[in-house]
Amino acid sequence: MGLRVIIAGGGIGGLCLAQGLRKRGVSVEVFESEHDLGPWQRGFRLRVDRSGRGALVSCLPAGLYDLAQATAGRLYTPRGTVYDHLLNEVVTARPPDLPLDPAAAAMVVDRRTLREILFTGLGDAVRFGQPVVDYEHVGDQVRVLLADGGSATGDVLVAADGVGSAVRRRRLPQAEVLDLDLSGVYGHLPLDDEALAWIPAELLGGARPVLSPEGWTMVLGAFQPQMPTADALAQTAPGAALQPVPAYLQWTLLAPAEAHPLPPEALRAAAPAELYGLAAEATRAWHPLLRRIIAESRPETTTALAIQTMIPTPAWPSDNVTVLGDCIHAMTPVGGLGANAALRDAALLAAALADADAGRRGLISAISHYEAQMRDYAYEAISSSLWGAETLFGTRTPSTEGAHA
């Protein structure tokens, strides 16, 4: 009987790992706290870079990877352009006519759409509405305990259930979550033909930070799929099912606690209409075009956002319970590094566990090999994202250098 892997969490990283294991013939079961994949109206755009694209190629069947590409934006090279609140360009790292290097380029995906693609073909392996709340070792195996009183037993447990992971708190109680006192809201402006007529093309594409003297930062980013969902499905994966997600311009407004009118608890409890009004008030003295972006957005899509990060955890002895994604290396959204690190985790761990399943490497040795590599690239990404947050948002965070040695 082959290896059986249990995954706590059905987010981007957990579902990608499940696909990678299925692709390699390893048995997998996913327990997800949410009752479904969530509404697309509150979706979030993600930048998938070279490492993330490589991870998707490694884990997905060819048709599903083609579907991910077809429902994403065109490949692009980030320019690194920053504006002030009056739309004066203050920094540009790369010229607009820089030739595209497809090998190093990134693509923008909608998180809900990518999650639907990663879910395709896994229906019998994903248990919605069943969060893992604890676990215990039973001989050489591990038994997970579920919120509804049920349980399941496998050879490996992977915690992929986010920064609040119950599994990680038990497995690595020394791991530290840092609240950056940075919070805000995000919303969506539909990118229909009318909107495209008045929004300058240079504000579309990659992320465009806008800095204000009041301490608020707006980040603009467009999601523009290459083709309609129905066409993408017909050409790449006719058996899949996706909700159509129209093109949108996502705006995200962030501010440190001292510049914010609401404490984090009140922000999380606020209704979309209140959050929408907060965004309008925070930008009342900004460039008219930026105010119009918020004014013509859909109020019901406005959502609260709080930023947390993990402090890199020093190396730990490996066993058959391991960690993946935000639960061990949550980071700021600067640079879009978090999702790519989670996808990279999934590809690396899927390959390591398949090696163990095939007898090419011992199970604990395979997990230890994964964890050592993961700490190297993920903790470097945490440092980069913290530096970016300090540059853009004025956050102050402790040094992470050498923390994972």
Side-chain angles (χ1 to χ4, degrees), residues 11 33-34 38-46 82-87 111-112 162-165 176-190 207-221 248-311 326 330-336 338 385-386 388-398:
S33 61
E34 295 180 0
W40 70 262
Q41 292 92 338
R42 294 193 181 182
F44 203 88
R45 69 186 288 279
L46 298 172
V82 180
Y83 298 87
D84 67 17
H85 67 300
L86 299 178
L87 280 185
R111 183 182 184 275
R112 161 70 196 228
V163 69
S165 171
E176 296 182 65
V177 179
L178 178 66
D179 191 332
L180 294 180
D181 289 327
L182 182 69
S183 58
V185 297
Y186 71 92
H188 298 95
L189 169 72
R208 300 288 188 266
V210 179
L211 310 181
S212 82
E214 296 85 13
W216 286 88
T217 299
M218 173 185 275
V219 181
L220 299 172
Y248 58 79
L249 179 65
Q250 178 181 307
W251 51 266
T252 305
L253 271 170
L254 293 166
E258 62 269 18
H260 214 284
L262 292 178
E265 307 79 30
L267 191 73
R268 287 192 292 269
E274 184 178 359
L275 297 173
Y276 178 77
L278 183 154
E281 175 64 20
T283 57
R284 68 188 184 282
W286 291 28
H287 191 283
L289 189 141
L290 298 173
R291 298 202 309 270
R292 184 177 179 184
I293 286 173
I294 292 177
E296 298 195 15
S297 295
R298 299 177 61 183
E300 68 273 18
T301 69
T302 315
T303 306
L305 184 67
I307 308 300
Q308 293 179 304
T309 188
M310 297 291 298
I311 298 296
D326 280 356
M331 58 192 78
T332 80
V334 177
S385 76
L386 287 174
E390 182 171 344
T391 301
L392 287 178
F393 311 125
T395 58
R396 293 292 182 267
T397 55

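- Taken to the nearest 0.5 Å, the NE2 atom of H188 stands 9.5 Å off from the CZ atom of R45.
- Contact between P209 and A207 at its shortest, heavy atoms only, is CD-O, 3.6 Å.
- Considering all non-hydrogen atoms of both residues, P256 and G215 come closest at CD-O, 3.3 Å.
- For the side-chain contact (heavy atoms from CB on, under 4.5 Å) test with W216, the passing option among L211, L253, T283, L254 is L253; the others fail.
- Taking CG from L267 and CG from L278, the interatomic distance works out to 7.0 Å, rounded to the nearest 0.5 Å.
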- Message: If you apply the rule side chain to side chain contact (heavy atoms under 4.5 Å, CB included), what do you find for V219 with R208, and how did you get there?
- Response: CA-CA 5 Å; V219 181; R208 300 288 188 266; over 6 Å; no
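- L178 has its side chain out of reach of E176: every pair of non-hydrogen atoms, C-beta onward, lies at least 4.5 Å apart.
- Annotation: the span from I307 atom CD1 to L180 atom CG amounts to 7.5 Å, rounded to 0.5 Å.
- In terms of heavy atoms, Q250 sits closest to T252 at NE2-OG1, 3.3 Å.
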- Please lay out, stage by stage, how L275 and Y186 fare under the test side chain to side chain contact (heavy atoms under 4.5 Å, CB included). CA-CA 9 Å; L275 297 173; Y186 71 92; over 6 Å; no
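- The CG atom of D181 lies 10.5 Å from the CD atom of Q308; values are rounded to the nearest 0.5 Å.
- Scanning all heavy atoms of the two residues, the minimum distance from S385 to M331 falls at OG-CB, 3.3 Å.
- Closest approach of A295 and Y276 over heavy atoms only: O-OH, 2.8 Å.
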Enumerate donor-acceptor pairs with a distance under 3.5 Å from any side-chain N or O in residues 285-293 to protein atoms, sequence neighbours excluded.
from : atom 1 : to   : atom 2 : distance (Å)
H287 : ND1    : L289 : N      : 3.0
R291 : NH1    : W286 : O      : 2.5
R292 : NE     : E296 : OE2    : 2.7
R292 : NH2    : E296 : OE2    : 3.4

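- Scanning all heavy atoms of the two residues, the minimum distance from V163 to A330 falls at CG2-CB, 4.0 Å.
- Note that OG1 of T302 is 4.5 Å distant from CH2 of W251, once rounded to the nearest 0.5 Å.
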